[in-house]
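Right, one structure below, let's go through it.
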Amino acid sequence: MEHIREKNTDGMLSKVEVAGPGFINFFIAPHKWYEVLRQVHDMDAAYGTSTSGQGKRVQVEFVSANPTGPLHVGHGRCAAVGDTLAAVLCAAGFKVEKEYYINDSGLQIATLGRSVYLRYLALFGKPAPLPEEAYQGDYIRDIARGVAADEGDRLLNMKEDDAVAICAKRAADEIMAGIKEDLKAFHVSFDNWFSERSLVESGAVETAINDLKTRGIIYEHDRALWFKTRQFGDEKDRVVVRANGAATYFASDIAYHQDKLERGFDRIIDIWGADHHGYIPRISACVQALGHPKDRVCFVLVQLVNLLREGMPVAMSTRAGQFVTLREVMQEVGTDAARFSFLLRHYDSPLDFDLELAKKQSNENPVYYVQYVHARISNILRKARERGYNEIRWEDDFADLINLPEEIALIKLMQRYPDVVTQSARLLEPHRIPFYLMELAGAFHGYYHDRHRHQVVSDDPRLSAARLFLVSAIRIIIRNGLALMSVSAPQQM
RNA sequence: GCGCCCGUAGCUCAGCUGGACAGAGCGCCGGACUUCGAAUCCGUAGGCCGCAGGUUCGAAUCCUGCCGGGCGUACCA
């Protein structure tokens, strides 16, 4: 105890006492809390940022949906998680690059091309049954109609493989363009779009395989090429090139991760849907085989989304073309509600996303709860300006005016915000942001509602000025937090 | 079978590297608008933190086993 008192030279602590077995309570001197308040205003949009990431370079790869169909809600959740995580890391002082890996090569693209080709044939009165693995959504027909419009019947006289290739290229490009539009509408941006095809065409895939072959990490067995993933902890070895000569996606992934690793990131984060988790040991093996520490690449698995409408599950299947797209969800519930809802659970938990619920402008919907704080305070500030409070600036007498316990409690909450951001970055858990904002919003609503005791703009000009300073600090944090999630902070609702 | 994830209030979920009586929202019930916005607030009720062991001064948190659920377990991604 004496030791603590001696160290307390700057008067940060007002009181220290022993509180039962193993506990010591420290009481922070009130003036320290006012420093927090001033700091919020001084830093403004930068409040919450820190240098804890020390400028280390981090790559976040997310969504990376195959261009074989439009984005669905599951992709939306990954998009919200990845984009917000990137923003959080950036705020925590990391240098972040966001990347989308485009699977525009390989078997699925061939299947896509074939699906379009068959629809194309049907347009010319040559209907052919669709194989079970074909994509069957209406968008496939639309693309086929586009091919017919631009190419006429030219493809009918071609070798089938060439025709399919044309269809595949066109379909992938068109679908990819649609995905980009959807992501833009969802306020998700990427620094880099990385094409798998470019790896194949540049020979990077072949080179990577050959290198690993000479090192004995890739070997031939039953006419196929296998990667010794077992040697690095996977439960079995994995095929890289099939007996029929076709490379698996794993082949491209090796080259892709090699490329990523060579770009010199301190950390690479792969965000995947949880259904891909069986892939982790494989990629991890690849990272190690390429001579990098295992933890250079880390994985965030986002659990799947159960889409509901009024509590009833909405059935979805990409192949059969029955699914609710991200675009439809955005149009129905709005991007703010969608993004907020996606972030409202730890990514480890499956998410029940109820379309009707997300639309409700009521207390069942936390988005508005948080946004409402911003609108309310904005309104107070508007009213204050009408009364001549044009400048919100700290005055020394505020310390004597802002001293109710509930006001100190609000400041304590505000003080926590930067820690929430750095913690969220350290643990790669973006859901901490909306949870914190809801807590701050709740504290504010409670404070605000007792108008008799907490009237902000009142007949007392000094008190009004002080409370305006307090309340606008809250608004700054709400706005900053929502900005991390790319959710709007409305002036009025 | 094996691997990963999850089992906390009626429902949906928080709970950082173990620490003071387990929290929130929704729902239920009961209250609050002549005042800066009621998309709000206040209050009541509701929990052997899946079960059983173990480590520890101390476990919702760590370890083991079991039960229940989700997802994987391809020369598909």
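A note on names: the letters A, B, ... follow the listed sequences, proteins ahead of strands, and every chain is numbered from 1. Remember, predicted model here, so these are calculated numbers, not experimental data.
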[X] [atom1] - [N] [atom2] separation (whole Å):
| X | N | atom1 | atom2 | answer |
| --- | --- | --- | --- | --- |
| A:Tyr436 | B:rG15 | OH | P | 17 Å |
| A:Gln455 | B:rC33 | CD | C1' | 14 Å |
| A:Leu351 | B:rG25 | CG | C1' | 15 Å |
| A:Gln492 | B:rG37 | CD | P | 11 Å |
| A:Glu386 | B:rC36 | CD | C1' | 10 Å |
| A:His445 | B:rC36 | NE2 | C1' | 14 Å |
| A:Met438 | B:rA24 | CE | P | 12 Å |
| A:Leu428 | B:rC16 | CG | P | 15 Å |

Exercise: identify the closest heavy-atom pair between A:Val164 and A:Arg114: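 Scanning both residues, the minimum pair turns out to be CG1-N, 3.7 Å.
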For RNA chain B, whose closest nucleotide is more 5', that of A:Val457 or that of A:Asp352? A:Asp352
If you take atom types as modelled and just measure distance, does the side chain of A:His277 reach the base of B:rG3 with a donor-acceptor pair under 3.5 Å? yes
Are any of [X]'s side-chain N or O atoms less than 4.0 Å away from OP1 or OP2 of [N]?
| X | N | result |
| --- | --- | --- |
| A:Arg376 | B:rA39 | no |
| A:Arg432 | B:rG15 | yes |
| A:Lys236 | B:rC75 | yes |
| A:Tyr372 | B:rA39 | yes |
| A:His431 | B:rG15 | yes |
| A:Ser349 | B:rA14 | yes |

Side chains of A:Glu196 and A:Ser252 only: does a donor on one sit below 3.5 Å from an acceptor on the other?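 Yes, side-chain donor-acceptor contact under 3.5 Å.
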Where does B:rC49 fall, syn or anti, if syn means a chi angle no more than 90° from 0? anti
Can you confirm whether A:Pro67 sits close enough to A:Ile109 that some side-chain heavy atom of one is under 4.5 Å from a side-chain heavy atom of the other?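 Counting from C-beta outward, A:Pro67 and A:Ile109 do come under 4.5 Å.
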How would you label the contact of [X] with the nucleic acid (heavy atoms, under 4.0 Å): base, sugar-phosphate, or nothing?
| X | answer |
| --- | --- |
| A:Asn66 | sugar-phosphate |
| A:Phe250 | nothing |
| A:Asn379 | base |
| A:Glu235 | sugar-phosphate |

Once you measure the plane-to-plane angle for A:Tyr279 and A:Phe250, does it fall in the parallel (<30°), tilted (30-60°) or perpendicular (>60°) bin?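 Taking A:Phe250 first and then A:Tyr279, their aromatic rings stand perpendicular (interplane angle over 60°).
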With the side chain of A:Tyr369 defined as its heavy atoms from C-beta on, choose the nearest nucleotide among B:rC6, B:rC36, B:rU40.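 That would be B:rU40.
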Would you say the ring centers of A:His445 and A:Tyr372 fall short of 6.0 Å from each other? yes
